[in-house]
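Below you'll find the structure, written out as structure tokens, and then a few comments.
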Amino acid sequence: KHLYPNAKFWVGPVIEEGFYYDIDLDDKVIKEDDLPIIEKEMKKISKDGKNIIRHELTKEEALNIFKDDEYKLELINKMDDCIISCYAQGDFTDLCRGPHVETVKELKYFKLLKFSGAYYKGDAKNKMLQRIYGVCFENEEDLKQHLDMLEDAKQRDHRKIGKDLEIYMTHELVGPGFPLWLPNGSVIRRQLENYILDKEIKLGYQHVYTPCIATTELYKTSGHWDHYQENMFPIMKIDEEELVLRPMNCPHHMLIYKNQLHSYRDLPIRIGELGADFRYESSGAVCGLERVRAMCQNDAHLFVRPDQIEDEFAKVVKLILDVYSDFNMKKYKFRLSLRDKNDTLKYFSDDEMWDKAEEKLRKVLNDLKLPYYEAIGEAAFYGPKLDVEVKTAIGHEITLSTCQLDFLLPEKFDLTYIDKDATKKRPVVIHRAILGTLDRFTAFLLEETKGILPVWLAPIQINIIPVNNEYHLEYSREIKKLLFEKGFRVEIDAREEKLGYRMRDSQTKKIPYTIIIGDKEKEAKQISYRHFGVQDTVNMDIVNFIDMVNYVITNKEIK
RNA sequence: GCCGAAAUAGCUCAGUAGGUAGAGCAACUGUUUCGUAAUCAGUAGGUCAUAGGUUUGAUUCCUACUUUCGGCUCCA
């Protein structure tokens, strides 16, 4: 207020990681150089040590005091005729429910971190306000610790790891949101693909390949044209046809189901695909592998009888839990995404169907005793869903897995099965993605592991370093050949460099096992290896080493 | 898409109040043959993102555009 006399204050809530304040500065915007200036002024105010005093006002009084501030007026007008509280410190007063600390003296250890525009009430149609973010702590040490933690998070950012370990790249000529997977990243992805396909095959899934492009008619039939068009790339016209890149695979899978007659005995039918999809993401939203415009979904559509919904849904939830435990993932949240009953535009109107579906999902979650929270208005247009959310290194909340119930698409595509009584019945579809997309899952994995991948996923699993090429290279090559033939991803570093130099390189690349071959190993017909991040060396016979690594791989051990 | 910021060697960055640029690492050559996180020395490497404009002269100032980053909105 001292620095910007015209400032109008909107809200300044406390958030998980500190606080922010939204301010209307007329046409002024906050620039990078302004933060230290504001910070200095805040320090001054804090030093001043004014008390923060609570005033209680009636609605009328409040309207009068803030009569020049349209933001406050709106806020006050929305309140009931109760007592309205204000807090004042020196010459500054703002509306607030409270409570507050007693004096600004208690607010010495803070730092303003970032600033940005933010839409008034979060709606892109409204005016953009200036938002300032910051953190505040009781003492200097806690503040420093927090800032260190932010620095650490930057090191875990998958975009940094992705570059350092040559997982993926991007290029201006390819375009934003279109990452290119490099050989190392492709090894990881191939392992993930094989892993999840194997899991699904064991659970009775059948996998298909379908094209990434289709006529607009397909999406008009499915309803996506009306509900999803803003996320799709524009139409391609050729000959007399209108084609689009697909944003999802469900319509294709509906048609595959429809290709045959199905008996009630055949259900559930589970059609899976690692399907490439294309979605228009706003340019400000794309982020490394985490948020892309061309992605590969670990998708499947389960066609079930109404009486099979709960059982099949529970199986999907169990698969999610099973997979997460394989990746040693512990921090995630289940979100039950429901419709907003008032939003008749987005959601098809059949209250009974919605209520029934939502109840079924709830029941399964309760039976499995899983903690979850409900989110109104987050459902897909065709049905409620369960999302699994995680937080990235830099604090983005993203959805990984999803499992969605759908009564609508079977209707739209007129899907049927022949029931016991020889009449046609409507199946229900469950859409689900366990790894979500391979792109996002890989991004998350890199951040979780800080790039130290479990052996089964590591692009290079074993690195062999001969102490002296003249004497040890030949034996090293024998070892390499043996390991390669056993199916391990193994390399040999025969550069004319010191052992220490090559060991450092091996560790920097986060290779799980580094084998050293010198006189001792050659004579004893053994190998010695060092595990990533561990100081000591272990000697053993090569057959034992192979058994050990195989064990670690098949059990997907983290270390 | 919106608000802000950034773009210099393969990577991380420095620099020029406007006179066409430097370091470390990587690469290459030589040196060292050395048992667990960097042997030493030299060489090479840049249309300073792109396109215009101002200027005697632009990597530096201005405009446009592209990409990236921090948020907002949106989502797997």
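Treat the numbers as computed from the prediction; the structure is a model and nothing was measured. Only this structure's heavy atoms are used, side chains among them; waters, hydrogens and symmetry mates stay out. Each chain gets a letter, A, B and so on, in the order the sequences are listed, and its residues count up from 1.
- Note on ring orientation: taking the six-membered ring where Trp is involved, the planes of A:F441 and A:F444 are tilted (angle from 30° to 60°).
- Within 4.0 Å of A:R131, counting heavy atoms only, lie sugar-phosphate atoms of the nucleic acid but no base atom.
- When each of B:G35, B:U36, B:C72 is scored by its nearest atom to the side-chain atoms of A:E521, the top-ranked nucleotide is B:G35.
- Between A:D322 and A:K199 there is a salt bridge, with a side-chain nitrogen of the basic residue lying less than 4.0 Å from a carboxylate oxygen of the acidic one.
- One interatomic measurement links the two molecules: CG of A:D157 to C1' of B:G71, which rounds to 15 Å at whole-angstrom precision.
- Distance from the side chain of A:Q535 is smallest for B:A37 among the nucleotides B:A27, B:A37, B:C75.
- A:H531 has its NE2 atom 17 Å from the C1' atom of B:A37, to the nearest Å.
- Taking atom CD1 of A:I132 as the reference point, atom P of B:G70 lies 19 Å away to the nearest angstrom.
- No N or O donor and acceptor, one from the side chain of A:T399 and one from the base of B:A76, sit under 3.5 Å apart.
- Within the nucleic acid shown, A:K520 comes within 4.0 Å of at least one base atom, counting heavy atoms only.
- Along RNA chain B, the nucleotide nearest to A:N539 and the one nearest to A:L289 differ in position, and the one closer to the 5' end is contacted by A:N539.
- For the pair A:F441 CZ and B:C75 P, the interatomic distance rounds to 23 Å; values are reported in whole Å.
- Atom-to-atom, CG of A:D387 to P of B:C74 comes out at 15 Å; the value is rounded to the nearest Å.
- Counting atom types as modelled, A:R502 pairs no side-chain N or O with a base atom of B:C34 as donor and acceptor under 3.5 Å.
- For the atom pair CD1 (A:I465) and CG (A:D505), the distance works out to 8.0 Å, reported to the nearest 0.5 Å.
- A side-chain N or O of A:R279 and one of A:Y228 form a donor-acceptor pair less than 3.5 Å apart.
- Partner assigned to B:U68 is B:A5, using Watson-Crick or G-U wobble distances below 3.5 angstrom.
- For A:T508, taking side-chain heavy atoms from C-beta onward, the closest of the listed nucleotides B:A37, B:U36, B:U39 is B:A37.
- Comparing the same atom, P, in B:U63 and in B:U20 gives a spacing of 25 Å after rounding to whole Å.
- Between A:R335 and A:E389, at least one side-chain N (NZ, or NE/NH1/NH2) sits under 4.0 Å from a carboxylate O, which counts as a salt bridge.
- B:G35 atom C1' lies 15 Å from atom CG of A:D536, rounded to whole Å.
- Proximity note for A:M503 (side chain, C-beta onward) versus B:A76, B:U36, B:C74: the nearest is B:U36.
- Phosphate contact (OP1/OP2 of B:C69, side-chain N/O of A:K154, threshold under 4.0 Å): absent.
- Heavy atoms of A:S506 sit nowhere under 4.0 angstrom from any nucleic acid atom.
- Stacking of A:R131 on the aromatic ring of A:Y20 is recorded, both the 6.0 Å distance cut-off and the 45° axial limit being met.
- Within 4.0 Å of A:Q507, counting heavy atoms only, lies at least one base atom of the nucleic acid.
- To the nearest angstrom, C1' of B:U36 lies 5 Å from CG of A:L499.
- Within 3.5 Å, no donor on the side chain of A:E281 pairs with an acceptor on the base of B:G1, nor the reverse.
- Counting non-hydrogen atoms under 4.0 angstrom, A:R432 reaches nothing in the nucleic acid.
- In this structure, B:A14 makes no Watson-Crick or G-U wobble pair, since no nucleotide meets both defining distances under 3.5 angstrom.
- Between A:V292 and A:R504, the one whose closest nucleotide on RNA chain B sits nearer the 5' end is A:R504.
- Aromatic ring pairs are classed by plane angle as parallel below 30°, tilted from 30° to 60° and perpendicular above 60°; the pair A:Y382 and A:H431 is parallel.
- Counting distance only, with no hydrogens placed and no angle test, the side-chain atoms of A:Y20 and the base atoms of B:G71 include no donor-acceptor pair under 3.5 Å.
- Contact annotation for A:Y471: no contact, since no heavy-atom pair falls under 4.0 Å across all strands.
- As rounded to the nearest Å, B:A21 and B:G45 have P atoms that lie 14 Å from one another.
- Within the 4.0 angstrom heavy-atom criterion, base atoms lie near A:G518.
- Between A:R495 and B:U33, a side-chain N or O to OP1/OP2 separation shorter than 4.0 Å is absent.
- No engagement by A:E166 is indicated, since no non-hydrogen atom pair under 4.0 Å with the nucleic acid exists.
- As a whole-Å value, the separation of A:K498 NZ from B:U36 C1' is 11 Å.
- Backbone-only engagement by A:Y501 is indicated by non-hydrogen atom pairs under 4.0 Å involving sugar-phosphate atoms exclusively.
- Within 4.0 Å of A:E397, counting heavy atoms only, lies at least one base atom of the nucleic acid.
- The shortest distance between the side-chain N/O atoms of A:R530 and the OP1/OP2 oxygens of B:A37 is below 4.0 Å.
- Nearest nucleotide to the side chain of A:D519, out of B:C11, B:A49, B:G35: B:G35.
- Contacts of A:K385 with the nucleic acid, taken as non-hydrogen atoms under 4.0 Å apart, involve only primed sugar atoms and P, OP1 or OP2.
- For B:G71, one of the phosphate oxygens OP1 or OP2 lies less than 4.0 angstrom from a side-chain nitrogen or oxygen of A:H396.
- The side chain of A:V467 sits closest to B:G35 out of B:G35, B:G70, B:U66.
- Residue contacts for A:H472: at a heavy-atom cut-off of 4.0 Å it reaches no nucleic acid atom on any strand shown.
- A salt bridge links A:E358 and A:R339; the closest N-O separation between the charged side-chain nitrogens and carboxylate oxygens is under 4.0 Å.
- Here A:Y133 reaches the OP1 or OP2 of B:C72: one of its side-chain N or O atoms lies under 4.0 Å away.
- As rounded to the nearest Å, B:U56 and B:G46 have P atoms that lie 31 Å from one another.
- The aromatic rings of A:F137 and A:H146 lie tilted to each other, with the angle between the two planes from 30° to 60°.
- Nucleic acid contact class of A:L400 (heavy atoms, under 4.0 Å, all strands): sugar-phosphate only.
- Counting non-hydrogen atoms under 4.0 angstrom, A:E496 reaches a base of the nucleic acid.
- When the C1' atom is used for both B:U16 and B:C2, the distance is 34 Å, rounded to whole Å.
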